Number of protein chains: 2
Amino acid sequence: MNAADAPRPRMTRQRREILDALDLSEFRSAQAWHERLRSEGSTIGLATVYRALQSLAESGEVDAVVAESGETLYRRCEAGEEHHHHLRCRVCGKAVEIDVPDFEAFAAAIGREHGYGDILHTIELTGVCPECAARAGA
Amino acid sequence: MNAADAPRPRMTRQRREILDALDLSEFRSAQAWHERLRSEGSTIGLATVYRALQSLAESGEVDAVVAESGETLYRRCEAGEEHHHHLRCRVCGKAVEIDVPDFEAFAAAIGREHGYGDILHTIELTGVCPECAARAGA
DNA sequence: CGCCTTATCGACAATGATTATCAATTGCAG
DNA sequence: CTGCAATTGATAATCATTGTCGATAAGGCG
């Protein structure tokens, strides 16, 4: 838990490109981000995209969620923002950031109750957004 | 959402073996269950274990959680029990079943608020159990 | 009780996401 | 500017999981 043990990575062209692309706030797989970058003329390699996204996820600069298919999806999250959660559409993937006010406290309480410490939690909420529901309802 | 559209599977030797092994209430990967069965003399195939665990997970007879490594872990859950959650130790894997009283309602409310329907949720709580904490604290 | 249809098996190949390898490149400290 | 270690990218390797397909056996029927 030491912020100093993470040497800031070099600011390479590739890393800049990725940070840049991430401005499209939308969940995509590493491979999808790679494709997009390529299609925009970048010559960045797939492995580099994986490495960058992972390190960004660790440092908290991007959100990573695991899709049902097992692939990991990444999206930029607000700079310096705290831990938060999303409600994602199962059909189109659109995500809304939500607020789970007392969950942190709740999680800690549950942990204490069972003697567990250092509690982490992941909440995945998925549903069907209005548009997709309308389309499917036809 | 029709319980009748799931034809009950044939009760084969293999399926019985799996159901049997699952009595050890502990999260293990499909591969780990397979190994255990083999080590006990079974000749069951890996693909069969995967298939059985998946169908059991769908019918709600076992719990499936996705580990950080990406592999899926399975464990038997109480017969006919409702949707529930676990607090799992990140170190030794031991899991406690927990109660998240109003979360269902909360999830539905969040969904409604954003116009999303058919909400599903996954909650993953992980921590460090007392034993592991003691061991690590040394 | 045997037969037959068909679900299920199991060995193995195939897939698909992610990770490791390693020589070439390039930030960036001095 | 120089040099070295961090980073890159093409590619091979991993690893969990799924597909394939001939062989086997569950279980309904006569």
Side-chain angles (χ1 to χ4, degrees), chain A residues 4-22 26-59 61-75 93 124, chain B residues 4-22 26-59 61-75 93 124:
Chain A
D5 56 17
R8 41 209 150 302
R10 289 185 183 171
M11 185 50 62
T12 63
R13 171 178 55 80
Q14 293 82 346
R15 203 173 178 82
R16 211 187 316 277
E17 285 178 355
I18 291 177
L19 254 0
D20 230 48
L22 281 166
E26 194 178 339
F27 279 109
R28 287 171 187 281
S29 68
Q31 315 221 33
W33 283 117
H34 176 244
E35 271 181 45
R36 166 165 281 274
L37 284 165
R38 286 305 194 114
S39 79
E40 308 221 320
S42 172
T43 62
I44 197 170
L46 179 56
T48 303
V49 176
Y50 271 102
R51 284 185 289 242
L53 288 174
Q54 268 172 206
S55 89
L56 288 170
E58 265 173 49
S59 67
E61 295 173 73
V62 302
D63 287 325
V65 302
V66 178
E68 299 153 60
S69 66
E71 52 187 356
T72 307
L73 307 178
Y74 299 92
R75 174 181 123 154
E124 280 280 332
Chain B
D5 57 17
R8 41 209 149 304
R10 288 184 186 174
M11 185 51 60
T12 62
R13 170 177 56 81
Q14 293 81 349
R15 202 174 180 83
R16 211 187 317 276
E17 284 178 356
I18 292 178
L19 254 359
D20 230 50
L22 281 166
E26 195 179 338
F27 278 109
R28 286 172 186 279
S29 67
Q31 316 222 30
W33 283 117
H34 176 244
E35 270 181 47
R36 165 165 281 274
L37 285 165
R38 285 303 194 120
S39 79
E40 310 221 318
S42 172
T43 60
I44 198 170
L46 178 57
T48 302
V49 175
Y50 271 103
R51 283 185 289 241
L53 287 175
Q54 268 172 208
S55 90
L56 288 170
E58 265 174 47
S59 67
E61 294 173 72
V62 302
D63 287 325
V65 302
V66 179
E68 299 153 59
S69 66
E71 53 187 354
T72 306
L73 306 179
Y74 299 92
R75 173 181 125 156
E124 281 280 331

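Worth saying up front: this structure is predicted, and the values here are computed from it rather than measured.
- Between D:dA16 and B:S69, no contact under 4.0 Å exists linking OP1 or OP2 to a side-chain N or O.
- One interatomic measurement links the two molecules: CG of B:L37 to C1' of C:dG10, which rounds to 14 Å at whole-angstrom precision.
- Side-chain atoms of A:T43 lie closest to D:dG9 of the nucleotides D:dG9, C:dG10, D:dT7.
- Rounded to whole Å, atom C1' of D:dT17 lies 11 Å from atom CD of B:E71.
- The 5' end of DNA chain D is approached more closely, in terms of each residue's nearest nucleotide, by B:A47 than by the other of B:A47 and B:R13.
- At whole-Å resolution of the value, NE2 in B:H34 and P in C:dG10 are 8 Å apart.
- Following rounding to the nearest Å, B:R28 (CZ) and D:dA16 (C1') show an atom-to-atom distance of 18 Å.
- Between the CZ atom of B:R15 and the C1' atom of D:dG27 there is a distance of 16 Å, rounded to whole Å.
- One atom, CD of A:Q31, and another, C1' of C:dT19, lie 12 Å apart when rounded to the nearest Å.
- For the residue pair B:E61/B:S59, the side-chain donor-acceptor check at 3.5 Å is satisfied.
- Atom-to-atom distance recorded for A:R13:CZ and A:I18:CD1 is 10.5 Å, nearest 0.5 angstrom.
- B:Y50 has its side chain out of reach of B:H34: every pair of non-hydrogen atoms, C-beta onward, lies at least 4.5 Å apart.
- In this structure, B:I44 places its CD1 atom 10 Å from P of C:dA11, rounding to the nearest Å.
- Side-chain proximity of B:Y50 to the nucleotides D:dT17, D:dG27, C:dG10 is greatest for D:dT17.
- OP1 or OP2 of D:dG9 lies within a sub-4.0 Å distance of a side-chain N or O belonging to A:Q14.
- Comparing B:R10 and B:T48 along DNA chain C, the residue whose closest nucleotide (by nearest heavy atom) sits nearer the 5' end is B:R10.
- For the residue pair B:S42/B:E17, the side-chain donor-acceptor check at 3.5 Å is satisfied.
- Look at CG on A:L46: it is 10 Å from P on C:dA17, rounded to the nearest Å.
- Counting any heavy atom pair closer than 4.0 Å across all strands shown, A:R38 reaches sugar-phosphate atoms only and no base atom.
- Two residues are said to be in side-chain contact when any heavy atoms from C-beta on lie closer than 4.5 Å; B:T12 and B:T48 fail this criterion.
- Scanning atom types as modelled, one donor and one acceptor separated by under 3.5 angstrom connect the side chain of B:R51 and the base of C:dG10.
- Among the protein residues, B:T72 comes within range of the sugar-phosphate backbone only, with heavy atoms under 4.0 Å from sugar or phosphate atoms but none that close to a base.
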